[in-house]
Amino acid sequence: MNPADLSASLLAVVTTVLAGRGSSEPVTIDDVSLDRPRNRDHGDWSSNIAMKLAKPLGIAPRELAQEISDALAAVAGVASVEVAGPGFINIRLDAAAAGALAKTIVEEDAGYGRGDLYQGVTMNLEFVSANPTGPIHIGGVRWAAVGDSLARIFQSQGGIVTREYYFNDHGAQIDRFARSLLASWAGEPVPDDGYAGDYIAEIAARVVEAYPGELETVPTREEVQEVFRAVGVEFMFADIKKSLHDFGVDFDVYFHENDLHETGAVDHAIERLRELGAIYEADGATWFRTTDFGDDKDRVVIKSDGEYGYMSGDLAYYLNKRERGFERNLIMLGADHHGYVRRLMAMTAAFGDKPYYNLEILIGQMVNLLRDGKPHRMSKRAGTVVVLEDLVDAVGVDAGRYALVRSSIDSQIDIDLDLWGRKTNDNPVFYVQYAHARTRAVARNAATSGVDRSVFDAALLTHESESQLLGILAEFPRVVRQAAELREPHRIARYSEELAGAYHRWYDNCRVTPLGEDPVADVHRTRLWLNDATGVVLRNALGLVGVSAPERM
RNA sequence: GCGCCCGUAGCUCAGCGGAUAGAGCAAUUGACUACGGAUCAAUAGGCCGGGGGUUCAAAUCCCUCCGGGCGCACCA
């Protein structure tokens, strides 16, 4: 008896009760929501369906609740049902029905928690997309952790996911980068609009190293700058890729903006909009009438000097993704880009697509890194650069990813490098990882002591801490689904902490291996199933946030 | 001025209409000749920024004010 079964039973009961009252009120599985009450006195599961339906039916909530309750009590696996408060229906399962889940989980193993929310849906997740003009700053790193986790979650819901990195090798920022490299090489000061930072000198030196003694022979300064541009970008980009890879994030597609221009995709996109009547000329420029689709001002796509406006690349890129067959396109940006949402949604609508469906923009708030309680400034342009490697050096991949993924992207977060670098119990990631390592240690001890999984009798899982643990294990598939629907990986992380806590409490109360000379009994064998089930779910949960589940720590 | 996000325990943060608002850390007190003490048990700590409204029920939804962060180009 898992929550889905119980929901189905409840729905059947409610439908019958309503029919008996001559009501044709339509009720679906989504209406009969079941909650796990905080307070254990309120049962294993609780439903507010009676309070929701009472009003339209004109019945007293408690009266309706009682009727549903009486019918539900007869369902197999349900130990008791009572009506409480204003009309809550509190359900208690018998131990065997609740405990059966432990076996199910062990058998489903990596499959437990998967769902079919996005079965067969093609999804493109674009994130990080930092320009190769410097190291990735912490905002990009947040998305590396969260975006990759989202990808894993969508995949676990059957989505066909492409992780994509859009990189701008076309615009003026790259020009500035190239000029900065050139200036560094020539021993000149940083150009006014150039990039500072030690990495510029480093990259310049590597370019020189790649062409020993040759740069001096290049006739014009422009040509030298071209070398720095082409080779410098390549080096920078290779560094970025490697940093991300070391962080456990690999992309399926690295998309170059240049390709859009070279293949004429930009003109193609503008022509398409022109056919749709969304383009006009004014003040010598070409405009996209985004205000027809909810934007607050129209946007330039070809400037009066003949150059493409910034948005033209976005138009072409979006069309390109659609032409590549992606149904759902998600773009993850920092809070400093939230102003783009409206115009991109206008674009989506102008192309005849569905805003917030075919295209979604996720906005992540800023991250502050603290060291010794003092903020680190993060800007490629300023001297103090905090890069992915710094984070990994300070706290490691697991703690870094976990710290970034355990908070809602709507919240600005402060990450204390000292705290997250600590390998002690004030670091939540270790609390969870330790719980997993402990399930493995218990399993090893069980094997040594002759406890195996040859017997499973769920009715023996009667301890309060076992019922708590089972309740939390049962919730995992819903948590994953919800994380997918809401694009909120932090729910998985928080869930894993809750599960780890319940496991530690269970461990404290219920032994898997018998004490001393006590004989191995069925209760020990059955508990081993529960222990292993917890290990499976912790591993699956950590996997979804890209954090390792160690066998030992 | 307009727009997006945030304001919950000392700190970092959960809580997409439900019952007595939670976790971790920090504080205080306990538990190891018991499967790993990186653990557990207990205590203490809150006008959920203020004020209105909707609802049987609001931290949650709506309005408004205050406070903080980030944006509002023919720059990318």
Side-chain angles (χ1 to χ4, degrees), chain A residues 33 35 37-39 41-42 46 48 51-52 54-55 60-61 84-88 90 131 133 168 170-176 193 257 282-287 296-297 299-305 307-311 313 334-342 363-366 368 370 373 403 406-416 419-420 422-428 430-431 433-435 437-438 440-446 448-449 451 482 485-486 488 490-491 493-495 497-498 500-501 503-516 524 527 531 552-553:
Chain A
S33 62
D35 295 309
R38 281 263 171 223
N39 187 337
D41 295 340
H42 296 147
S46 167
N48 61 6
M51 289 181 289
K52 282 187 170 164
K55 188 150 200 177
F88 291 102
N90 294 336
N131 283 343
T133 55
N168 175 332
H170 184 77
Q173 290 189 37
I174 298 291
D175 292 340
R176 290 207 288 269
D193 56 355
E257 183 184 0
D283 306 326
T286 301
W287 297 73
D296 32 16
K297 60 186 75 163
R299 307 289 168 178
V300 168
V301 289
I302 301 175
K303 299 188 278 183
S304 51
D305 64 4
E307 294 287 316
Y308 290 111
Y310 180 66
M311 198 181 179
D336 52 343
H337 288 68
H338 77 257
Y340 295 5
V341 174
R342 226 173 242 207
I363 298 295
Q365 297 301 313
M366 298 297 178
N368 296 305
L370 305 179
R406 88 186 273 268
S407 293
S408 161
I409 55 166
D410 285 339
S411 291
Q412 290 181 41
I413 49 172
D414 295 332
I415 293 185
D416 188 324
L419 187 157
W420 285 93
R422 242 172 268 158
K423 289 186 166 45
T424 61
N425 61 350
D426 50 2
N427 187 340
F430 286 104
Y431 184 78
Q433 287 184 313
Y434 179 66
R438 188 174 243 184
R440 306 310 302 144
V442 167
R444 287 191 296 269
N445 290 334
T448 312
S449 312
V451 178
Q482 201 176 32
E485 276 179 316
L486 298 172
E488 291 185 348
H490 75 271
R491 288 171 185 276
R494 297 300 176 144
Y495 169 82
E497 290 171 29
E498 195 187 343
Y503 175 74
H504 287 311
R505 283 186 284 281
W506 172 70
Y507 170 92
D508 220 46
N509 284 290
C510 301
R511 294 190 55 91
V512 171
T513 51
L515 257 185
H524 302 114
R527 282 176 180 163
N531 177 76
R552 292 185 168 82
M553 291 177 72

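In what follows, chains are A, B, ... by sequence order, proteins preceding strands, each numbered from 1.
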Sub-3.5 Å pairs of nitrogen or oxygen atoms, protein against nucleotides 7-10 of chain B:
none

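- Between the Arg527(A) side chain and the Val512(A) main chain, no donor and acceptor come within less than 3.5 Å of each other.
- Nearest to the side-chain atoms of Gln365(A) among the listed nucleotides G69(B), C74(B), A38(B) stands G69(B).
- Judged by closest nucleotide on RNA chain B, Cys510(A) is the one of Cys510(A) and Ala500(A) placed further toward the 5' end.
- For Ser304(A), counting side-chain heavy atoms from C-beta on, the closest listed nucleotide (C40(B), A19(B), C74(B)) is C74(B).
- Residue contacts shown for Thr286(A) are absent, as no nucleic acid heavy atom lies under 4.0 Å away.
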**Fill in**
Whether each nucleotide of nucleotides 54-59 of chain B has a protein heavy atom under 4.0 Å at its base (B), only at its sugar-phosphate (S) or at neither (-) is summarised, 5' to 3', as -SS---
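- Across all strands shown, Asp41(A) has no heavy atoms under 4.0 Å from either base or sugar-phosphate atoms.
- Each of A19(B), C74(B), C40(B) was ranked by its minimum atom distance to the side chain of Phe88(A); first place goes to A19(B).
- A stacked arrangement is not assigned to Tyr434(A) and the six-membered base ring of G36(B), the conditions of a centre distance below 5.5 Å and an interplanar angle below 30° not being jointly met.
- With distances taken from any side-chain atom of Met366(A) to the nucleotides C70(B), A76(B), G37(B), the minimum falls on C70(B).
- Qualifying side-chain contact (heavy atoms from CB on, under 4.5 Å) partners for Pro86(A), counting only residues two or more places apart in sequence or in other chains: Met51(A), Phe88(A).
- No engagement by Gln433(A) is indicated, since no non-hydrogen atom pair under 4.0 Å with the nucleic acid exists.
- Asn168(A) comes within 4.0 angstrom of the backbone, heavy atoms only, and of no base.
- With hydrogens and angles left out, the side chain of Ser407(A) and the base of A14(B) share no donor-acceptor pair within 3.5 Å.
- Here Ile413(A) lies in heavy-atom contact (under 4.0 Å) with sugar-phosphate atoms only.
- One atom, CG of Asp410(A), and another, C1' of C16(B), lie 11 Å apart when rounded to the nearest Å.
- As judged by a 4.0 angstrom heavy-atom cut-off over every strand, Asp336(A) is placed among residues touching the sugar-phosphate backbone only.
- Applying the side-chain contact (heavy atoms from CB on, under 4.5 Å) rule to Asp414(A) yields the partners Asn368(A), Leu370(A); only residues at least two apart in sequence or on another chain are considered.
- Nearest-nucleotide mapping onto RNA chain B: of Lys297(A) and Tyr310(A), the residue sitting toward the 5' end is Lys297(A).
- Not a single salt bridge (Lys or Arg N to Asp or Glu O under 4.0 Å) links Arg438(A) to another residue, sequence neighbours left out.
- With sequence neighbours excluded, the residues satisfying side-chain contact (heavy atoms from CB on, under 4.5 Å) with Tyr310(A) are Asp314(A), Tyr340(A).
- Of the candidates G36(B), C40(B), U20(B), C40(B) carries the atom nearest the His504(A) side chain, counting heavy atoms from C-beta on.
- Listed by chain and residue number, nothing satisfies the salt bridge (Lys or Arg N to Asp or Glu O under 4.0 Å) test with Arg505(A) (two or more places apart in sequence, or in another chain).
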For nucleotides 30-33 of chain B, tabulate all protein N/O to nucleotide N/O atom pairs closer than 3.5 Å, reporting atom names and distance.
none

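- For RNA chain B, runs of at least 3 consecutive pairs of the Watson-Crick or G-U wobble type, with both hydrogen-bonding distances under 3.5 angstrom, map to B:1-7 with B:66-72, B:10-13 with B:22-25, B:27-31 with B:39-43, B:49-53 with B:61-65.
- Below the 3.5 angstrom threshold, one finds a donor paired with an acceptor across the side chain of Asn39(A) and the base of U20(B).
- When the side-chain contact (heavy atoms from CB on, under 4.5 Å) test is applied to Ala441(A), the partners found at least two apart in sequence or on another chain are Arg444(A).
- For Ala441(A), the side-chain atoms get nearest to G36(B) when compared with the rest of C16(B), G24(B), G36(B).
- Across all strands shown, Arg552(A) has heavy atoms under 4.0 Å from base atoms, whether or not it also approaches the sugar-phosphate.
- Qualifying salt bridge (Lys or Arg N to Asp or Glu O under 4.0 Å) partners for Asp175(A), counting only residues two or more places apart in sequence or in other chains: Arg229(A).
- A search for salt bridge (Lys or Arg N to Asp or Glu O under 4.0 Å) contacts involving Glu257(A) returns nothing, not counting sequence neighbours.
- Of the candidate nucleotides C74(B), C16(B), G36(B), C16(B) has the atom nearest to the side chain of Leu486(A).
- No aromatic stack links His490(A) and the base of A14(B), using centre distance under 5.5 Å and interplanar angle under 30°.
- Counting non-hydrogen atoms under 4.0 angstrom, Arg511(A) reaches a base of the nucleic acid.
- The Met553(A) side chain lies nearest to A38(B) when the options are A38(B), U12(B), G69(B).
- Considering only side-chain atoms of Arg505(A), the nucleotide from A76(B), A14(B), C40(B) that sits closest is C40(B).
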